[in-house]
Amino acid sequence: MLEIKNLHVKLEEEDKAILKGVNLTVEPGKVHAIMGPNGSGKSTLSYVLSGRDGYEVTDGEVSLGGEDVLELEPEERAAAGIFLAFQYPVEIPGVGNMTFLRTAVNSQRKARGEDEMSAAEFLKVIREKAKELKIDADMLKRPVNVGFSGGEKKRNEILQMAMLEPKMCILDETDSGLDVDAMKLVAQGVNALRSEDRGFLVITHYQRLLDHIKPDVVHIMANGRIIATGGPELALEVEENGYADILKEHA
Amino acid sequence: MVALEKKRELTEARLATLPAPLSSGWTAPARAAAASRLAEMGLPLPRDEYWRFTKPADLNAAEPPRSEPKDESGETPIYDGIEALNIVFRDGVYDADASDALELEGVEISLLSQSGVADIHWARDLYGTLEADAQTPVARPFAALNTAHATEGVLVRVTGKPARPICLRYEHASADSDPILHHVIKVEEGAELTFLEAGSPGARFNTVLEADIADTGVLHHVRAQGRDTARRSNCHDLARLGRESVFKSFTSTLNGALTRNEHIVWFTGDDAVAHVAGAAIGDGKTAPFHHDDTVFVTHDAVNCESRQVFKKVLKNGAVGVFQGKILVQPGAQKTDGYQISQALLLDEDSQFLAKPELEIYADDVACSHGSTTGAIDEDMLFYLRARGIPNRRAQDLLVLAFVAETLEEIEDPKISESLLLRLEHWLERHAG
C-alpha cells in the first residue's frame, strides 16, 4: 500500500535535515504506529506525505499502490487515497462544516472520475456517521472547527475520514489534548474504519492510544530515522522505560 | 490662491456640459442653494486630504470616460425570487413601461422628474437638506452638484409597513451616459421599508440618497452596484436617525474602474441603531479596479449603536480604500461605535489604503475600530486541499468565507443569498 524508501527531507527555508533516510512499508489492512520523542521527525513525515509546502525532498521515494506520491499536489494525493488527520485541525470561519465536507467528497469523486454524491444521499450518509461519533447537527452546521473543543475537533477529523473513505489514513498525534472518554470515542471511530484494504499510520507520543487502536507493527523514530521496529510489545517497553534505553541501544 | 482658482476652472468646465439648475418648481430653492455651495467649495483636487487615496479626475471630467454596458441578459437577475415593486431607470431615465405601477400600500412614491413642476411637495423640506448638512466638517462637492443638477430620482414617503420592498433597477445602455440621480426617502414614525438598488445607472453616475428616519422608523437598504468594468461612480448615502430608529445599509460592488461610496449617518434621537456595511471584489487584470468606502458617523444622541463592516477582495493590481470616521459629540453618552475594515489581497500587486478615525467628546462611550490587510491563510488553504478540494476552489471558498461575514449584516437571508450567489459566479469567472 504505502511504501516509503530512503526518504530524506529538509526544511525549505533553512538548511536543516529533518528526515534522514526513512524506510517504511504499510501493508493493506495493517495498522502501523510510529512513536518517538519530540523533534524526531514524526509530524514532518505526516506533512511530507500529505504534501504540505515548506519541505524539500532531497532523496528517496514515496508511493501509494505503486503510484509516485511526491509528484502530486495535496488535493491529488487526497483523491489518490491519502488522508491526514491533523494534530491541530484548522479553524475556518465562514466555511460551513457541511459545505466543506460535501465539496471535499465530491471533489475527490470528480478527480477519480466517479459520480458526485447527491445532496440527499450526502445528508443521509453524514447523519449516520456523525451519530456514531456523537457529532450533533449543530456541529455540522457550524463553520469548520470554529468554537469546537479539542475533542470535537478530533472527532470531526475522524468524521471526515469516515466520509472520504481513504485508502491510507495517517493520524498525527490524534490523542493529543484528549481526555480518556474522547480518546475512546476517537479510537472507536478509527477501529470502525479498519478493513483489509485500508492501511493506517498512527503517530503518537504515548502508548495509551495504542491500547485502544491496537497496532500490528510499532516503529520507533529518532533523529529522522526509524531505529527500531517490532510488535505491540515495543510500545509497552517505551511506556515502561521511556525512549532512553532504545535510543542508547541504537546510538 | 492657485488651488482655488484651479477648482473654479474645473467646476466651470464640468458645469459647462450641464443644463442650468431648474429655476421653477419646489426643488428650485434647494438647487440654487446647492449650486452656490458648489461654486464656493469647487470640485476636489487630488491634493485635497479627503481625496488623497482616490483620484477625482474621472469624476471631475466634463465628459464621462466611455464605459461599455455589460450584457447580463441570460443571467439570473439580482434579487431573483424577491417580490418587489420594481422601478426601472435606463441611463438615468425612468422607463414607465418596464416599471411596476408606483402604487404600494403604506408608501407614497413619486418621481423627481414628474413632481418638480408643482410648488408644494412633502420632500421640499428634505431635498438637499441632508446634503447641505453633510458639507461640514468635510466638503462633498459631488453631492452638492447632485442636488443642483439631478434630473431624476424617487421620492418615497413611508407611512406604514409595505408588504414588498421597493427595488430600483438601473440599466446602463449608452457608453457615455452620465446620469445624476437624487432619491429622497422619508420614513415616518413607526414605519418600515426595504429599499433595494440593482445595477449600474450609467457609464458614469452620481447618486445621492437622502433618508430621514423618524422615531422608531426602520429602513433597510441593499445595493448591488452592477458589474460594468469601466464605470465611474460617486454615491452618497445620507441618513438621519430619530429616536429608536434603525438604518441598515449594505452595498455589494463587483468590478468598476472607480467607485466612491460615501456613507454619512447622523444620530439625532436616542437609542437608535445604524449599520453600514459593504463587500467589494475586484480584479485589475482586464480593467482597473478602484473602490473607496468613505464613512462619517456622527453620534449626537444618547445610547446609539453604530456599526461599520467593510471588506474588500483585491487582485491583479486592484486598489481598495477605506476612510471611516466616528464622531461622538459632547453628551452622546453610552455610544456604542464599532468599525472594521479588512482587505484580502490575492497577490502582491494589489493594495489597500485605510484611514480609520475616532473623534470622541463624551466620556462614557465604547468605541472601537480595526483594520487588517492580509493574504489567504496558508494553513486553511492546505487543510482544504488536504481533503481533496482543488487549489482554486479552496481559494474561492476562503474568499467567500471572508466576504460572507459582511453579508450577515443584511437582515433578509433571501437577499444575502442572492448576493452571495453573484459573488460565487464572479469568482468562477475570475479564477486563476
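Lettering of chains follows the sequences in order, A, B, ..., and the numbering in each one begins at 1.
In summary, A:E75 and B:R392 do not engage in a salt bridge, as defined by a charged side-chain N under 4.0 Å from a carboxylate O.
Only the side chain of A:V144 comes within contact range of chain B, with heavy atoms under 4.5 Å apart. Residue A:E76 does not touch chain B at all, counting heavy-atom pairs closer than 4.5 Å. Residue A:P166 does not touch chain B at all, counting heavy-atom pairs closer than 4.5 Å. Both the backbone and the side chain of A:R52 come within contact range of chain B, each with at least one heavy atom under 4.5 Å from a heavy atom of that chain.
Of the residues considered (A:G96, A:A79, A:G94), A:G94 shows the highest number of contacts with chain B, using heavy-atom pairs under 4.5 Å. Put simply, of B:R385, B:E405, B:R387, the one with the most heavy-atom pairs under 4.5 Å next to chain A is B:R387. If you tally non-hydrogen atom pairs under 4.5 Å between each of A:L84, A:D53, A:N106 and chain B, the highest count goes to A:L84. Chain A forms more heavy-atom pairs under 4.5 Å with one residue of B:G388, B:A386, B:P390 than with any other, namely B:G388. Chain B forms the most heavy-atom pairs under 4.5 Å with one residue out of A:M161, A:E91, A:E157, and that residue is A:E157.
Taking all atoms of both residues into account, the shortest heavy-atom contact from B:L398 to B:D377 is CD1-O, 4.3 Å.
Side chains of B:K315 and B:H430: a donor-acceptor N/O pair is absent below 3.5 angstrom, by distance only. A donor-acceptor pair shorter than 3.5 Å cannot be found between the side chains of A:D68 and A:S63. Side chain to side chain, A:S176 and A:K154 meet the donor-acceptor criterion of an N or O pair below 3.5 Å.
The aromatic rings of A:F86 and B:F382 lie tilted to each other, with the angle between the two planes from 30° to 60°.
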